[in-house]
Structure formats: C-alpha cells, structure tokens
Amino acid sequence: MTPRTLFRSVAVAEAITWALLLAGMYLKYVTETTEVLVSVGGALHGFVFLTYLVSTTFVWVNQRWSKGTGALGLLAGIIPFATVLFDWQLERRGKLDGGWRLAAGQDSPSGAVENLQAWVLRNPLTAALVGIVGVSVVFAALLIAGPPVPVG
C-alpha cells in the first residue's frame, strides 16, 4: 500500500461516514422518524475520524508536507467531505507521489517521529495491531465520556 492509497482510502471512508452521520441526523431531527442511524453512523464516523487523523499524520511525515499542509489535512476531517477535496488538491500538487521513504532499505530516519514511522513500516502487522488497539482505546474513552455538555 502506497502513501497515496492509504490516504485516499481513509479520506474517502471518512467522507462516507460523514454522509451516514448526516443522513442519521436528518432522520432524527428533521423527519423525527428514527435515531438509530445517528448511533451507528456517529460511532462509525468517530472511529474512522480517529483513523483519518492517524493516517494523515503518518502520510504527512512520509511526504514531508509543510506544517501548514499537514495541519490543513487534519482540519479537513472536521468539515463534511473536505477530506476528499483535500485529497484532490494533494493529488493535483503531486503531494502523494512516491512510496514509503523510511521503509527497509530506504532513507535513514532522523528524529523520534521518523524512527517511529520506520519501525511501523518494518513491523506492519504489529504496528497495525497496536494502532487498532490505540484508536479503539481512545474511541472507547470518548464513548464513556459521552457527548459534549453545553456550558451555561
């Protein structure tokens, strides 16, 4: 899987789960028919959103994006469907070209973040398991914390 494939897959999944959540909100608040889709769509979107943040950061490091480009990528996950628009912009500017530069036999990592990425690329199954568990723990903690409570 290339950086382009990883980023694009998660960006599209994030947009799809936004659509599911928005459809659920329409059914709950506009038609007042059901709120099941909000529960399912919200949970799925939350998990994919966290995965999008991790994947975007991983590709950001690999592609050596500027801080502005990386931050914009992270912010794109907050706006419905913006991840797909951001992907199109990256593609147009060639910011998703190439492979994993820190994979075995490639560039030497420099710094803690690149060392972590090199380890992930050299130990993909272990890293995937750790990543899934990590995202799941954060997701579970957010579910336990519950929705935001309005101040005032």
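As the structure is a computational prediction, the values presented were derived from the model and not from experiment.
You'll find the side chain of Phe86 reaches within 4.5 Å of the side chain of Thr69, heavy atoms only. Residues Asn62 and Val59 fail the side-chain proximity criterion, which asks for heavy atoms closer than 4.5 Å. The side-chain heavy atoms of Leu125 and Leu129, taken from C-beta on, include no pair separated by under 4.5 Å.
A continuous path of ILVMFWY side-chain contacts below 4.5 Å connects Leu6 to Leu96, so both sit in one hydrophobic cluster. Connection of Leu72 to Leu53 is established within a shared hydrophobic cluster, with ILVMFWY side chains joined at heavy-atom distances below 4.5 Å, either directly or through further cluster members. Taken together through direct or relayed side-chain contacts under 4.5 Å among Ile, Leu, Val, Met, Phe, Trp and Tyr, Val135 and Ile132 form parts of separate hydrophobic clusters. No single ILVMFWY cluster, assembled from side-chain heavy atoms under 4.5 Å apart, contains both Val130 and Phe139. Linking ILVMFWY side-chain heavy atoms closer than 4.5 Å, directly or via other members, places Leu21 and Phe47 in two distinct hydrophobic clusters.
Considering all non-hydrogen atoms of both residues, Thr33 and Thr31 come closest at OG1-OG1, 2.9 Å. When all heavy atoms of Ser55 and Val10 are compared, the closest pair comes out as OG-CG2, 3.6 Å. Between Val113 and Val61, the closest heavy-atom pair is CG1-CG2, 3.5 Å. When all heavy atoms of Leu102 and Asp107 are compared, the pair lying nearest together is CD2-O, 3.7 Å. Closest approach of Val120 to Ala127, counting heavy atoms only: CG1-CB, 3.6 Å. Pairing each heavy atom of Val48 with each of Thr17, the nearest pair is CG2-CG2, 3.8 Å.
Judged purely by atom type and a 3.5 angstrom limit, Trp65 has no side-chain atom pairing as donor or acceptor with the backbone of Trp60. At least one donor-acceptor pair closer than 3.5 Å links the side chain of Glu114 to the backbone N or O of Ser110. In this structure, the side chain of Thr5 does not engage the main chain of Met1 through any donor-acceptor pair within 3.5 Å. Of the possible donor and acceptor atoms, none in the side chain of Arg4 sits under 3.5 Å from a partner among the backbone N and O of Glu91.
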| field | Worked verdict on Leu85 versus Ile79 for side-chain contact (heavy atoms from CB on, under 4.5 Å) | value | CA-CA 10 Å; Leu85 297 174; Ile79 302 165; over 6 Å; no
| field | Step-by-step ring pair (Phe, Tyr, Trp, His ring centres under 6.0 Å) determination, Phe58 to Trp100 | value | CA-CA 10 Å; Phe58 199 72; Trp100 298 108; 5.2 Å; yes
| task | Given side-chain contact (heavy atoms from CB on, under 4.5 Å), test Asp87 with Val12 step by step and report yes or no. | result | CA-CA 9 Å; Asp87 173 64; Val12 168; 5.8 Å; no
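Environment of CH2 in Trp88: sparse, with no more than 12 heavy atoms of neighbouring residues, nucleotides or ligands closer than 6.0 Å. Shown here is Glu35, whose CD atom has no more than 12 heavy atoms of other residues, nucleotides or ligands within 6.0 Å.
To the nearest 0.5 angstrom, Thr57 atom OG1 is 10.0 Å from Gln117 atom CD. Atom CD1 of residue Ile16 and atom CZ of residue Phe81 lie 10.0 Å apart, to the nearest 0.5 angstrom. To the nearest 0.5 Å, the span separating CE on Met25 from CG on Leu27 amounts to 11.5 Å. Considering CG of Asn115 and OG of Ser108, their distance stands at 9.5 Å, rounded to 0.5 Å.
Using bins of under 30°, 30° to 60° and over 60° for the plane-to-plane angle, the ring pair Trp18/His45 lands in the tilted bin. Taking the six-membered ring for Trp and thresholds of 30 and 60 degrees, Tyr52 and Phe7 have ring planes inclined between 30 and 60 degrees apart.
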